[in-house]
Amino acid sequence: MLEVRELLIKAFASAWRESEQATDRDTYITSSINVINSIQIQPEMIYAEEGQGLVDGEKLDHIEDLVRADGTWVYYGVPAENFFLVTWMPDAEAAHQKVEALRQEGDCIACLVDLNEQWQFGE
């Protein structure tokens with residue numbers, strides 16, 4: 001099992017590689033976490049809306065919940081619409097196909113989440 005916080009960090013790090021990389025990786029990860037307004041967590045999916053973000057000292061509910069660490073996670077974000085989701089798929093080939101289909105929609109960031117990504121979350 002994997003903490004939601006850890007999965008999000010790995011998802012943002014994976015998405016950073018797929019983005020324009022206009023900011024450095026650490027800033028991208030930190031700001032991606034800090035702009036979350038609301039988050040819905042299920043064992044096989046995380047959906048978040050972005051906006052004004054967290055206020056000083058505020059924490060995300062359920063960030064320490066556990067989700068699956070097997071299978072393949074897919075990150076899909078639409079920056080212009082201020083949302084992203086991370087969804088679990090049991091089959092890697094199906095996950096690759098899903099990413100390709102999402103990329104064809106355009107104006108999004110879609111990628112497989114690299115569960116080997118490492119980053120220290122500053123508290």
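The residues of the chain are indexed from 1 along the displayed sequence.
- Considering only residues two or more places apart in sequence or on other chains, Asp26 meets the side-chain hydrogen bond (donor to acceptor under 3.5 Å, both in side chains) condition with Trp119.
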Table please: side-chain donor-acceptor pairs of residues 42-49 below 3.5 Å, with sequence neighbours left out.
residue	atom	partner	partner atom	Å
Glu44	OE2	Arg68	NH1	2.9
Tyr47	OH	Glu49	OE2	3.3

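- Each salt bridge (charged side-chain N to carboxylate O under 4.0 Å, His left out) pair with one or both residues in residues 73-82, not counting sequence neighbours, would appear here, but there are none.
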Q.
For Trp73 and Leu112: C-alpha separation, side-chain torsions, deciding distance, then whether side-chain contact (heavy atoms from CB on, under 4.5 Å) applies.
A. CA-CA 6 Å; Trp73 286 91; Leu112 301 179; over 6 Å; no
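- For Asp24, the side-chain hydrogen bond (donor to acceptor under 3.5 Å, both in side chains) criterion is met by Thr27, not counting sequence neighbours.
- For Phe84, the ring-ring contact (aromatic ring centres under 6.0 Å, His included) partners are Phe12, Tyr75, not counting sequence neighbours.
- By the rule that hydrophobic residues join a cluster once side-chain heavy atoms approach within less than 4.5 Å of another member, Tyr28 and Val86 end up as members of one cluster.
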Q: For Asp70 and Trp88, run side-chain contact (heavy atoms from CB on, under 4.5 Å): C-alpha distance rounded to whole Å, both residues' side-chain angles, the deciding distance at 0.1 Å, then the answer.
A: CA-CA 9 Å; Asp70 61 340; Trp88 179 84; 3.5 Å; yes
Let me have the donor-acceptor pairs involving side chains of residues 98-111, under 3.5 Å, with sequence neighbours excluded, atom names and distances please.
residue	atom	partner	partner atom	Å
Glu100	OE2	Arg103	NH1	3.2
Arg103	NE	Ala110	O	3.0
Arg103	NH2	Glu18	OE1	2.9
Arg103	NH2	Ala110	O	3.1
Glu105	OE1	Tyr76	OH	3.1

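- Both Ile36 and Ile29 belong to a single network of hydrophobic side chains, linked directly or stepwise wherever heavy atoms of I, L, V, M, F, W or Y lie under 4.5 Å apart.
- Between Phe83 and Glu50 the shortest side-chain heavy-atom distance does not fall below 4.5 Å.
- In the hydrophobic clustering of ILVMFWY residues, with side-chain heavy atoms under 4.5 Å counting as a link, Met89 and Val67 come out apart.
- Sorted by first and then second residue, the salt bridge (charged side-chain N to carboxylate O under 4.0 Å, His left out) pairs involving residues 28-43 (not counting sequence neighbours) form an empty list.
- Atoms OG and CD1, on Ser14 and Ile9 in that order, are 11.5 Å from each other to the nearest 0.5 Å.
- By the side chain to side chain contact (heavy atoms under 4.5 Å, CB included) test, Leu66 pairs with Met1, Glu3, sequence neighbours left out.
- Taken to the nearest 0.5 Å, the CD1 atom of Ile41 stands 10.5 Å off from the CD atom of Glu64.
- Checked against side chain to side chain contact (heavy atoms under 4.5 Å, CB included), Lys10 has the following partners two or more places apart in sequence or in another chain: Leu2, Glu6, Val113, Leu115, Glu117, Gln118.
- Taking Asp65 as the reference, His62 meet the side-chain hydrogen bond (donor to acceptor under 3.5 Å, both in side chains) condition, with sequence neighbours excluded.
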